[in-house]
Each structure stands twice: as structure tokens, then as C-alpha cells.
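To keep things clear, I will list the structure first and then write my remarks on it.
Below, chain A is the first sequence line, B the second, and so on; all start at residue 1. This structure is a prediction, so every number in the text was calculated from the model and none was measured.
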Amino acid sequence: MDLIERYIHAVGERLPERSRRDIEDELRSLLMDALDAKTEPGKPYAEEDVIFVLKEFGPPQEVARRYAPSPQFLIGPKFFDTYLLVVKIVLGAVALGVTISLAIDFAFSTPSLGDVIGRLLSTLISGALSAIGSVTIVFAILERVLSEKEQNELAQAEDKWDPRQLPTVPHRHSRVKISESVVNICFIALALAVLNLFADKVGGFFHDGTWRFVSFVNQQAVAIYRPYLNFLWIVSLFHHIVLLVKGKWTTGSQVLAIALSLGGIGVLALMISGPSLIDSLAIRSLEGVASGEELKKLAELLTMIFRFGLIGALVAVTADLVRKIVGLVKVVR
Amino acid sequence: MDYTDILRNLIQELRRGTLTISVLSQLREPQYGYSLLQRLADKGMSIDQNTLYPLLRRLEQQGLLDSIWSVEESRPRRYYSLSPLGRRALKEIGEHWHETVRVVNRLLEEEN
């Protein structure tokens with residue numbers, strides 16, 4: 001009967017090749033036995049009976065699944081924890097790689113603000129996605145290719161754990177470390193002082209006949225960035241003082257921390273795309289100390305190093321921001 | 001999950017534990033899939049077709065059952081029966097069963 005054959009074919013398609021023919025034959029025999037019980041001998045099977053028997057047997061996908069050797073996971077329970085661990089490691093590597101490649105790129109070009117933020121986001125995201133995809137595929141293959149025995153051997157590494165190797169308990173999110181707050185406050189106060197009062201005092205002493213002081217810092221650039229940095233740092237100072245006084249984190253503090261991180265990213269991007277803080281002209285004016293060529297190279301080198309530093313800070317702040325957001329989401333859930 | 005679902009799951013779990021031993025017990029003589037289904041149902045053990053047939057294959061793969069395609073009757077049918085290993089397994093699991101029943105009964109009695 002046509003319906004029966006179609007059913008058997010539908011089940012067969014979903015069966016492993018090796019046992020397919022055999023299971024199909026058996027299925028046919030069993031279906032017909034069931035139909036025989038409903039039909040008088042010699043008479044053809046009635047369509048309603050066929051439909052009834054087939055429906056009672058169940059949908060082809062389900063029937064095929066029952067004949068499968070074991071539950072089919074993309075990545076099974078034995079490997080899943082290892083998989084997550086590898087994903088975390090790989091993401092860290094991707095972040096590092098992105099930092100280096102973007103740093104090289106931005107150092108040798110003049111990106112606009114939009115460029116910096118756009119490229120940072122898109123490169124991080126696409127890098128992360130393809131990394132996760134590759135790891136997933138590798139583990140999916142492992143899941144299917146390794147025999148039971150090999151799987152058990154791999155999974156058994158877990159059994160050999162030692163309680164002494166467990167990490168120490170991190171200070172709970174809610175408690176504030178006093179030392180951390182104090183250190184932060186001091187550093188921000190220092191940074192504010194330098195930015196507003198001593199910006200022109202950052203430089204070096206040089207001897208070319210007499211001792212001279214030359215500031216490495218481009219005052220015009222400082223003037224551009226000063227208001228943003230002031231705002232960011234003053235808010236941050238306020239944030240840390242509040243934390244110190246209160247003694248614990250609140251959701252509001254965490255949100256503010258996230259906002260500050262975003263602000264930090266914005267300012268960093270601005271500084272990367274805008275004029276450099278390093279005053280190349282000032283450096284090159286040190287004629288007595290070294291040759292014009294050497295000075296020029298020094299200036300370029302300092303500028304580039306500074307830029308690398310800014311980009312590194314940018315990626316670090318972005319990664320920290322992501323961590324903060326994940327942490328906040330977990331708590332809120 | 002409400003109570004009815006939870007209870008149903010508990011019952012299913014219990015039945016799942018008794019399936020294999022029930023099936024093995026009826027295969028001292030050769031049976032084909034459908035006849036075995038009927039036989040178990042007649043004796044009060046109703047099994048879903050979709051559970052029984054794959055189970056028979058698995059037991060054969062494990063070496064507890066032998067099977068042959070018989071073409072004697074009107075249509076070819078696959079007959080299963082206990083292998084020598086299967087006979088031994090049935091005897092031993094049967095002993096475990098009696099022991100288990102004894103222990104669980106005692107545990108349940110203590111409740112009262």
C-alpha cells in the first residue's frame with residue numbers, strides 16, 4: 001500500500017545508513033501485523049485502518065529518533081563545560097588580537113571619531129562571532145567522532161579534582177573594598193591636578209649648554225580634551241567617594257560605573273582620532289641635544305607609543321564594560 | 001509542573017525500570033514483535049510499540065537476544081528469542097528483582 005511505503009520511507013530517511021534497510025523491513029512487517037489484526041483475512045487493508053495504525057505508531061521523526069543509538073546533542077553534557085571554557089579563552093585571545101591589529105592600523109592612519117568606535121565594535125563583534133563558531137564546530141565534530149570510551153576518558157579528567165585548588169571566594173559584588181576606593185580617589189585627584197594645574201610641567205630637562213625644560217605636552221590638544229576629562233574624572237571622583245561612604249555597591253552605582261565606562265570609551269576614541277597630546281614640535285625644537293633626524297624619529301615614536309597606549313586602554317575599557325553589563329544583567333535576573 | 005504531571009512522571013520512571021526484565025521474561029520461546037506486544041498486553045504489561053521495537057533491537061545488539069527472519073508464513077517476520085547470554089542475564093536480573101522488591105517493600109512498610 002502506498003501510504004505504508006511512504007511512511008516507511010519517511011522514517012528510513014532519518015535512520016543511519018547501516019541499519020536503515022533492516023529497520024525498514026522490520027517496520028513493514030510490524031505495520032502489516034498490526035493491520036492484519038484489524039482486517040479480515042484475504043481482504044485488502046482499509047485506508048482508515050492504515051491511517052489509524054500509522055498515526056498510532058507515531059510521526060516518522062519520532063520513530064526514527066527512538067531507533068537512534070543515543071540522544072543527539074550538538075555538544076553533549078560531557079563536553080559542554082570544556083566547550084564553555086575554551087570559548088572564554090578564545091574570546092580573550094580575539095580581544096587581544098583585535099587590540100593589536102587595530103592599534104597598528106590606527107597608529108598609521110588618521111581615523112575619525114566615528115571610524116574608531118565603528119571599527120572597534122564591528123571588529124570585536126565579527127571576531128567574536130567567528131571564533132565562537134569555529135570552537136562550536138570543532139566540539140560538534142568531537143561529539144560525533146569520538147567513541148564512547150574516548151569520550152569517557154576525556155570527561156574523566158573532572159573526577160581528579162582537588163578541593164585545595166578551588167579559587168578563593170571573590171569579594172561579593174555588594175561589598176566595597178576600602179583600599180580600592182581610597183587608591184582610586186587619590187589617583188583621580190592627582191590626575192585632575194596635573195590636568196588643570198601642571199599640564200605644562202610634563203616634560204623633561206635637557207642639557208644643551210644650559211639646563212632647559214621642555215614640555216612634551218601639546219597645550220592646544222590638552223585644552224581640547226580638558227573639559228571632557230575634567231567632567232569624567234570629577235563624576236568618577238564623586239562616584240568613588242559615595243562608594244567609600246556607603247560601603248557597598250548598589251544597582252545605581254553599577255549603572256553609574258557603566259555610564260562612566262561609556263564616557264571613558266568616548267573620550268578615548270576622541271583622543272585617538274583627534275590631535276595627539278604629544279607635542280612633536282616641542283621635541284623637535286631640542287636642537288642642541290640631538291640631530292634633527294633623531295628628534296623627528298623620537299617624536300614620531302613617542303606619538304605612536306602614546307597612541308598604542310590609548311587604543312589598548314580603549315579595548316580594555318570596552319572589555320571591562322562588557323563584563324560590568326553581564327554582571328549587572330545576572331544580578332537583575 | 002502540577003501534581004498530576006509529577007505523579008505521571010514517577011509512574012513512568014517506575015515502569016521504565018521494569019520494561020527490559022518483562023520483555024526478556026517472555027522470550028524463552030521465539031516471538032515476533034507484534035505477538036510479543038500482544039502477549040505482554042494480555043498479561044497486563046502494556047508497552048508502547050515505539051518503545052518495544054527499538055528495545056528489541058538494542059537487546060539483540062547487546063547479545064541478549066537472537067533473531068532470525070522467518071519466511072515460513074504468509075509474510076517474512078523477524079523472530080526474537082533469548083540467547084544463552086540472555087537466559088543467564090534473565091536469571092540474574094530476576095534475582096536482583098526479587099531482592100529489590102523485598103527491600104522496597106520493607107522501606108514502604110516502615111513508613112506505616
Nearest atoms (heavy-atom pairs only) where Tyr34(B) meets Ala34(A): CE1-CA, 3.5 Å
Got Leu55(B) and Arg66(A) here, is their nearest side-chain heavy-atom distance under 4.5 Å? no
Hey, what do you get for CD (Gln49(B)) to CD (Glu56(A)), rounding to the nearest 0.5 Å? 5.5 Å
Report, in residue-number order, which members of residues 19-30 of chain A are under 4.5 Å from chain B by heavy-atom distance. Ser19(A), Asp22(A), Ile23(A), Asp25(A), Glu26(A), Ser29(A), Leu30(A)
Minimal non-hydrogen separation, Pro54(B) against Tyr67(A), with atom names: CA-CE2, 3.8 Å
Which atoms of Arg77(B) are under 4.5 Å from chain A, going by heavy atoms: the side chain, the backbone, both sets, or neither? both
With only heavy atoms counted, which part of Ser35(B) is less than 4.5 Å from chain A, the side chain, the backbone, both or neither? neither
Counting neighbours of CD on Glu95(B) that are heavy atoms of other residues, nucleotides or ligands and sit closer than 6.0 Å, is the number greater than 12? yes
